[in-house]
Amino acid sequence: MTQAEKELECGGKEKEKERDKEKEQQRGVKRPITPAVIPEATHEQIQTNFVIVINPGSRSVRIGRATDTLPVTVPHVIARRHKQSGQPRHEDPWLIRDGLNKPESNEQRQNGLKMVDQAIWSKKMSNGVRRTPVSAEQARAYNCQIRPAVLDSSSRGKWTNTGHHPPYLVGEEALYVNPSDCYNIHWPIVRGQFNIHSGPGGSMTAVLADLEAIWSHVLQKHLEIPLKDLKYYRCILLVPNIYNRQHVKEVVNMLLLNMGFSAIIVHQESVCATFGSGLSSACVVDVGDQKTSVCCVEDGVSHRNSRLCLAYGGSDVTRTFFWLLQRAGFPYRDCQLSKRLDCQLLQHLKEIFCHLNQDISGLQDHEFQTRFPEAPALLYQIRLGDEKLQAPMGLFYPTTFGIVGQKMTLLQHRYQGDPEDPHDEHYLLSTQSKQDQSSKSAADRRAGARPVGLEGEMSSQCGFGETSELPRGCGGGVGSGGVMQAEMELGPTQGESLMGAGEAEEPLSGHLSRKTIMSQFESKALGLDKAILHSIDCCASDETKRKMYSSILIVGGGLMFQGAQEFLLHRIINKMPPSFRRLVDNVEVITRPKDMDPRLIMWKGGAVLACLDTTQEMWIHQTEWQRFGVRMLRERAAFVW
């Protein structure tokens with residue numbers, strides 16, 4: 001054997017010994033458990049008549065098969081029987097809300113009404129003449145003399161029969177439960193979020209139980225689907241643009257594990273509105289009963305920076321209309337906001353009397369009926385003037401609502417994380433930031449430059465890679481982490497909307513926290529037209545903004561007034577930036593796309609979604625949810641979770 005062969009043999013034996021030693025060292029050592037990999041979505045043929053679309057709202061819920069022409073619409077309310085006799089009665093308010101009885105409320109309401117009157121007077125009618133204002137005293141003198149006429153000794157209306165002591169009642173039956181019966185009345189969703197409060201039925205568990213009871217009742221009674229058969233059905237759930245992740249997680253858990261749907265898709269209402277209206281891009285304005293949301297959608301994606309939720313809607317217009325009716329001597333003297341049936345009557349009067357047509361002026365006579373259980377049917381005469389126009393204009397001048405000390409503008413807050421989803425955006429951004437910093441340090445060392453010092457430390461303190469997510473117009477720099485993150489979330493023009501261009505730089509020098517900036521903005525009540533302009537201005541490019549101005553889509557039932565389309569169009573054109581008046585060929589406000597009911601467009605979009613081939617990858621199956629939990633929403637949701 002040659003010397004070279006001996007050396008090779010010795011070297012080979014040494015390597016074998018080293019490998020054996022490594023194996024011995026590894027024996028008994030616990031290796032980290034790698035998380036299970038989420039499997040790819042399977043493609044299978046889906047029968048759309050076995051897909052249920054659920055669009056929950058604050059006042060109504062719409063549920064139907066994807067193949068149905070129209071959904072079933074029921075009041076989103078439940079009456080639960082007391083478990084013990086003598087239990088105090090609880091009823092969630094309908095038109096009453098926090099912030100109305102503050103000392104400043106009436107003064108704010110009066111100031112708002114002055115701005116409304118000024119706006120009415122400043123806009124000329126179509127014949128070129130300015131409107132002649134009509135004072136409330138002119139109508140009051142007539143209305144105070146009115147006495148009702150009896151149409152029938154019995155209104156033929158009846159309270160819901162509770163003689164068989166049902167544990168709960170849903171929808172219309174719940175609304176007509178006699179106040180003297182032993183039932184609590186709950187509205188599980190308020191202003192688009194869970195109605196969580198300290199009173200009876202205000203816990204997360206109670207709200208989820210109410211939602212499950214209402215939706216199960218609709219499926220069984222109206223759609224005639226036995227709950228045991230839901231394992232053959234799939235569900236499409238529509239969620240608000242600005243959603244609470246914990247609430248969405250709990251509802252998905254309820255639908256898949258409690259109710260037993262085989263699979264689910266979760267999608268945003270604004271995107272579904274574009275599907276339902278047949279538009280590829282639009283600034284979607286959803287004016288609901290208790291909230292108004294604005295969001296710019298482009299090719300099936302909602303722009304995060306453009307999302308706004310205004311904490312007012314149709315019920316605030318109804319309450320303001322009642323206040324104006326009282327100033328004008330409302331002849332139905334016993335009307336109270338604390339009574340359910342009176343609230344229903346006021347909603348009806350708003351829908352038939354109110355308008356946004358400035359060509360309708362002067363005093364006009366109207367009549368309405370009251371038909372309450374165990375009371376005669378009565379006919380009232382009423383004379384009204386500008387009240388019918390002033391009330392809906394509160395949507396453009398929200399101080400008229402008299403709400404003090406409440407958050408009026410809500411934004412999408414950063415995800416706080418979930419123990420079931422460790423590899424969330426915080427983890428990904430953090431690891432990405434560390435990798436970027438280490439690679440930069442290595443490059444600097446190779447180039448002979450100094451290592452990352454103060455600047456690197458400051459950038460790591462700014463958060464999880466916030467600079468990489470900044471939209472246009474956001475400045476980066478030492479010490480500006482909080483403001484950079486706020487700019488990322490609020491959009492590039494948020495500071496200007498709040499404080500004006502001159503004051504926008506102050507937070508940078510004063511290290512104003514992101515939380516303070518968001519708090520200041522959220523306390524500001526934006527009018528509907530200003531909110532639309534702000535949302536569009538937060539889009540990234542001029543081309544996107546041009547698309548949005550040419551397609552402003554109004555959905556929901558809160559702006560279904562005569563003349564609303566022309567009124568909003570006039571205000572948008574007058575207030576849009578002058579630079580865009582030249583760029584935009586045609587500003588268009590769409591209130592009834594394809595001549596559809598605007599209240600049903602979002603549900604219709606969910607039904608369209610069920611038929612698209614691209615949705616195959618979005619289904620979350622029950623077994624996958626049981627194994628992976630909320631991680632599935634991050635993997636399969638069509639929007640950034």
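Treat the numbers as computed from the prediction; the structure is a model and nothing was measured.
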| request: Say whether Ser126 and Asp359, considering side chains only, have a donor N or O and an acceptor N or O under 3.5 Å apart. | output: yes
| field | Side-chain donor/acceptor of Arg191 to backbone N/O of Tyr312, under 3.5 Å | value | no
| query | Do Tyr380 and Phe330 have side chains that get closer than 4.5 Å, going by heavy atoms? | reply | no
| query | Can you list every side-chain hydrogen bond (donor to acceptor under 3.5 Å, both in side chains) pair that touches residues 548-566, not counting sequence neighbours? | reply | none
| query | According to the side-chain hydrogen bond (donor to acceptor under 3.5 Å, both in side chains) rule, which pairs have a member within residues 394-407, sequence neighbours left out? | reply | Tyr397-Arg571, Lys407-Glu522
| note | Closest non-hydrogen contact found for Pro200 with His186 is O-CE1, 3.3 Å
| message | Less than 4.0 angstrom from a charged side-chain N to a carboxylate O is my criterion; do Asp316 and Arg319 meet it? | response | yes
| message | In this structure, is the centre-to-centre distance between the rings of Phe567 and Phe396 below 6.0 Å? | response | yes
| Are Asp365 and Gln381 linked by a side-chain donor-acceptor pair shorter than 3.5 Å? | no
| Identified side-chain contact (heavy atoms from CB on, under 4.5 Å) partner of Cys296 from the options Asn305, Ile532, Ile536 | Ile536
| query | Does the side-chain hydrogen bond (donor to acceptor under 3.5 Å, both in side chains) test come out yes or no for Ser302 and Asn241, once each step is laid out? | reply | CA-CA 8 Å; Ser302 88; Asn241 306 320; 5.6 Å; no
| Is a side-chain donor or acceptor of Arg546 paired with a backbone partner of Phe580 at a separation under 3.5 angstrom? | no
Mind listing the side-chain donor-acceptor pairs of residues 593-601 below 3.5 Å, one per line with the distance, residues two or more places apart or on another chain?
from   : atom 1 : to     : atom 2 : distance (Å)
Asp597 : OD1    : Arg599 : N      : 2.9
Asp597 : OD1    : Arg599 : NE     : 3.1
Asp597 : OD2    : Arg599 : NE     : 3.3
Asp597 : OD2    : Arg599 : NH2    : 2.9

| query | Within 45° of the six-membered ring axis of Trp94 and under 6.0 Å from that ring's centre, is NZ or CZ of Arg340 located there? | reply | no
List, one per line, each side-chain donor-acceptor pair under 3.5 Å for residues 136-144, sequence neighbours excluded.
from   : atom 1 : to     : atom 2 : distance (Å)
Gln138 : OE1    : Ser135 : N      : 3.0
Gln138 : OE1    : Ser135 : OG     : 3.3
Arg140 : NH1    : Gln326 : O      : 3.0
Arg140 : NH1    : Arg327 : O      : 3.1
Asn143 : OD1    : Arg383 : N      : 2.8
Asn143 : ND2    : Ala139 : O      : 3.3
Asn143 : ND2    : Ala328 : O      : 2.7
Asn143 : ND2    : Arg383 : O      : 2.9

| task | Can you measure from CD1 (Ile146) to CZ (Arg333) and round to the nearest 0.5 angstrom? | result | 8.5 Å
| Gln364 and Lys388: side-chain donor and acceptor closer than 3.5 Å? | yes
| said: For a 4.5 angstrom cut-off between non-hydrogen side-chain atoms, does Leu356 reach Met393? | reply: yes
| query | Any idea which heavy atoms bring Ser361 and Met125 closest together, and the distance? | reply | OG-SD, 4.1 Å
| said: Checking Leu341 now: which residues fulfil side chain to side chain contact (heavy atoms under 4.5 Å, CB included) with it, not counting sequence neighbours? | reply: Trp159, Tyr176, Gln344, Phe372, Pro373
| request: Just jot down the salt bridge (Lys or Arg N to Asp or Glu O under 4.0 Å) partners of Arg62, sequence neighbours excluded, or say none. | output: none
| Are side-chain heavy atoms of Asp386 and Pro133 found at a separation under 4.5 Å? | yes
| Is it true that Arg371 and Asp152 make a salt bridge, defined as a side-chain N closer than 4.0 Å to a carboxylate O? | no
| query | What's the verdict on side-chain hydrogen bond (donor to acceptor under 3.5 Å, both in side chains) for Gln347 and Thr318, showing C-alpha distance, side-chain angles and the deciding distance? | reply | CA-CA 6 Å; Gln347 292 268 48; Thr318 304; 2.7 Å; yes
| said: Tell me if a side-chain donor or acceptor on Thr591 pairs with a main-chain N or O of Ile554 at a distance below 3.5 Å. | reply: no
